[in-house]
Protein chains: 2
Amino acid sequence: MEIDDINKIIDFNKKYARVIGALQTSFLSSDYSFTEAHILSELNFKPNSSATIINEQLHLDEGYLSRVMKKLEKNGLILKKQSLNDKRMYLLSLTDKGKIVYKKLNKLSSDLVIESTDHLNDNEKKELASLLEKVKKLILK
Amino acid sequence: MEIDDINKIIDFNKKYARVIGALQTSFLSSDYSFTEAHILSELNFKPNSSATIINEQLHLDEGYLSRVMKKLEKNGLILKKQSLNDKRMYLLSLTDKGKIVYKKLNKLSSDLVIESTDHLNDNEKKELASLLEKVKKLILK
DNA sequence: ATTTTTTACTTGCTTAAGTCAAATATATAA
DNA sequence: TTATATATTTGACTTAAGCAAGTAAAAAAT
């Protein structure tokens with residue numbers, strides 16, 4: 001890859017690390033972290049997944065994830081029931097309370113996106129969303 | 001902003017938080033963090049800046065930044081000298097050793113970018129760099 | 001069939017990276 | 001000359017995460 005292109009990517013990473021950092025800081029005032037919100041959102045779209053399945057998207061340390069799941073269960077946001085087919089696994093799903101918290105955190109995410117794009121006009125916002133979608137597709141390819 | 005566009009951005013943030021996370025993990029094996037590397041790179045391009053000036057790019061906690069600077073000085077990577085005009089400030093610059101470490105960390109960043117884009121062909125790599133550059137310009141606007 | 005290896009999850013321990021609040025010193029404004 | 005703002009530092013604390021070792025169950029190899 002050309003050195004120029006590499007530098008563009010490095011440069012972006014440095015900048016965006018700060019964007020993500022600010023995002024994480026904004027979640028501090030809620031009872032859940034940005035990562036926990038991500039976990040809840042995965043569980044919302046894939047109910048009855050095991051921790052391992054969820055972790056295909058998140059790539060977290062297994063031990064850490066296990067503790068997060070324990071917290072979420074303790075707080076009544078998720079339900080854990082041992083799989084009958086494979087007793088090593090626990091199938092996880094959001095409780096009603098979990099769904100409410102998920103929605104609340106999603107609202108927080110939206111608000112933060114709106115706030116952080118406040119300086120852009122409508123066309124620019126649309127372009128940003130479109131660019132990021134393309135990037136996402138490329139990195140997941 | 002349209003809900004669809006908001007969700008695209010939220011979605012990207014979730015994904016890219018993991019990319020940044022992996023990047024930070026990769027720096028653990030070096031003696032400096034991803035953030036410290038960023039600080040060194042700022043100092044490389046803007047020698048004789050104060051901590052506050054550097055922090056315009058980084059938005060870190062001042063106390064944390066102060067400690068990082070202390071570490072960098074202790075390790076002989078930067079030189080701190082009190083400004084004569086304004087004795088509250090300390091002008092910071094890379095030492096020769098600091099420049100060497102900066103280059104080493106930059107090489108690490110490059111290697112990680114190359115590695116993380118390994119699954120893309122040349123055109124896709126070029127497109128990725130170009131998209132990220134555009135995103136950067138938009139978020140900085 | 002039973003030993004070996006792999007997989008899913010848990011637990012104990014540690015650390016990096018940061019936050020928050022209070023203090024000091026200097027500079028600027030009232 | 002008093003009050004306010006800015007630049008930096010220090011102390012105390014948090015949290016998000018990693019690593020290593022363990023348990024239990026399942027799958028593969030013998």
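Naming: A, B, ... by sequence-line order, numbering from 1 per chain. All heavy atoms count here, side chains included; hydrogens, waters and symmetry mates do not.
- Going from atom CD of A/E62 over to atom C1' of D/dA16 covers 17 Å, rounded to whole Å.
- No side-chain heavy atom of B/I10 sits less than 4.5 Å from a side-chain heavy atom of B/N13.
- For the pair B/K71 and B/Y32, the minimum side-chain heavy-atom distance is below 4.5 Å.
- One atom, OH of A/Y90, and another, C1' of D/dT23, lie 10 Å apart when rounded to the nearest Å.
- Two residues are said to be in side-chain contact when any heavy atoms from C-beta on lie closer than 4.5 Å; B/M69 and B/I39 meet this criterion.
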Distance-only criterion, 3.5 Å: show the donor-acceptor pairs between side-chain atoms of residues 87-99 of chain B and protein atoms not counting sequence neighbours.
unit_1: B/R88; atom_1: NE; unit_2: B/D86; atom_2: OD1; d: 3.0
unit_1: B/R88; atom_1: NH2; unit_2: B/D86; atom_2: OD2; d: 2.8
unit_1: B/T95; atom_1: OG1; unit_2: B/G76; atom_2: O; d: 2.6
unit_1: B/T95; atom_1: OG1; unit_2: B/L77; atom_2: O; d: 3.1
unit_1: B/T95; atom_1: OG1; unit_2: B/K97; atom_2: N; d: 3.4
unit_1: B/T95; atom_1: OG1; unit_2: B/G98; atom_2: N; d: 2.9
unit_1: B/K97; atom_1: NZ; unit_2: B/N75; atom_2: O; d: 2.8

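- Salt-bridge annotation for B/K134 and A/E127: absent, with no side-chain N of the basic residue lying under 4.0 Å from a carboxylate O of the acidic one.
- No single ILVMFWY cluster, assembled from side-chain heavy atoms under 4.5 Å apart, contains both A/F27 and A/V113.
- A donor-acceptor pair under 3.5 Å is absent between the side-chain atoms of A/S130 and the main chain of A/K126, judged by distance alone.
- No hydrogens or angles were tested; on distance alone, a donor-acceptor pair under 3.5 Å links the side chain of B/R88 to the base of D/dT6.
- Put simply, chain B comes within 4.0 Å of DNA chain C, heavy atom to any atom, from C/dA16 to C/dA27, going 5' to 3'.
- One atom, CD of B/E56, and another, P of D/dT6, lie 13 Å apart when rounded to the nearest Å.
- Rounded to a whole Å, the CD1 atom of A/I20 is 15 Å from the C1' atom of D/dA16.
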Return all side-chain donor-acceptor pairs below 3.5 angstrom for residues 46-58 of chain B, not counting sequence neighbours, or 'none' if the list is empty.
unit_1: B/K46; atom_1: NZ; unit_2: B/E42; atom_2: OE1; d: 3.1
unit_1: B/S49; atom_1: OG; unit_2: B/K46; atom_2: O; d: 2.7
unit_1: B/S50; atom_1: OG; unit_2: B/I53; atom_2: N; d: 3.3
unit_1: B/N55; atom_1: OD1; unit_2: B/H59; atom_2: N; d: 3.2
unit_1: B/N55; atom_1: OD1; unit_2: B/L60; atom_2: N; d: 2.7
unit_1: B/N55; atom_1: ND2; unit_2: B/L60; atom_2: O; d: 2.8
unit_1: B/Q57; atom_1: OE1; unit_2: A/K15; atom_2: NZ; d: 3.4

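- Remark: the backbone N or O of B/S33 is paired with a side-chain donor or acceptor of B/E36 at under 3.5 angstrom.
- Near DNA chain D, defined here as any heavy-atom distance below 4.0 Å, the residues from residues 76-83 of chain B are B/K80, listed numerically.
- Nucleic acid contact class of B/D61 (heavy atoms, under 4.0 Å, all strands): base.
- If you take CZ of A/R67 and C1' of D/dG22, they are 13 Å apart, rounded to a whole angstrom.
- Shown for residues 26-52 of chain B: residues whose heavy atoms fall under 4.0 angstrom of DNA chain C, namely B/L28, B/S33, B/T35.
- When the side chain to side chain donor-acceptor pair (under 3.5 Å) test is applied to A/K125, no partner is found at least two apart in sequence or on another chain.
- Nearest-nucleotide positions on DNA chain C place A/I53 closer to the 5' end than the other of B/N85 and A/I53.
- Rounded to whole Å, the distance from CG on A/N55 to C1' on D/dA17 is 12 Å.
- Rounding to whole angstrom units, CD1 of residue B/I54 and P of D/dT8 are separated by 10 Å.
- Protein atom CG of B/L23 is 15 Å distant from nucleotide atom P of D/dA17, rounded to whole Å.
- The backbone N or O of A/E62 lies less than 3.5 Å from no partner atom in the side chain of A/S66, so there is not a single donor-acceptor pair.
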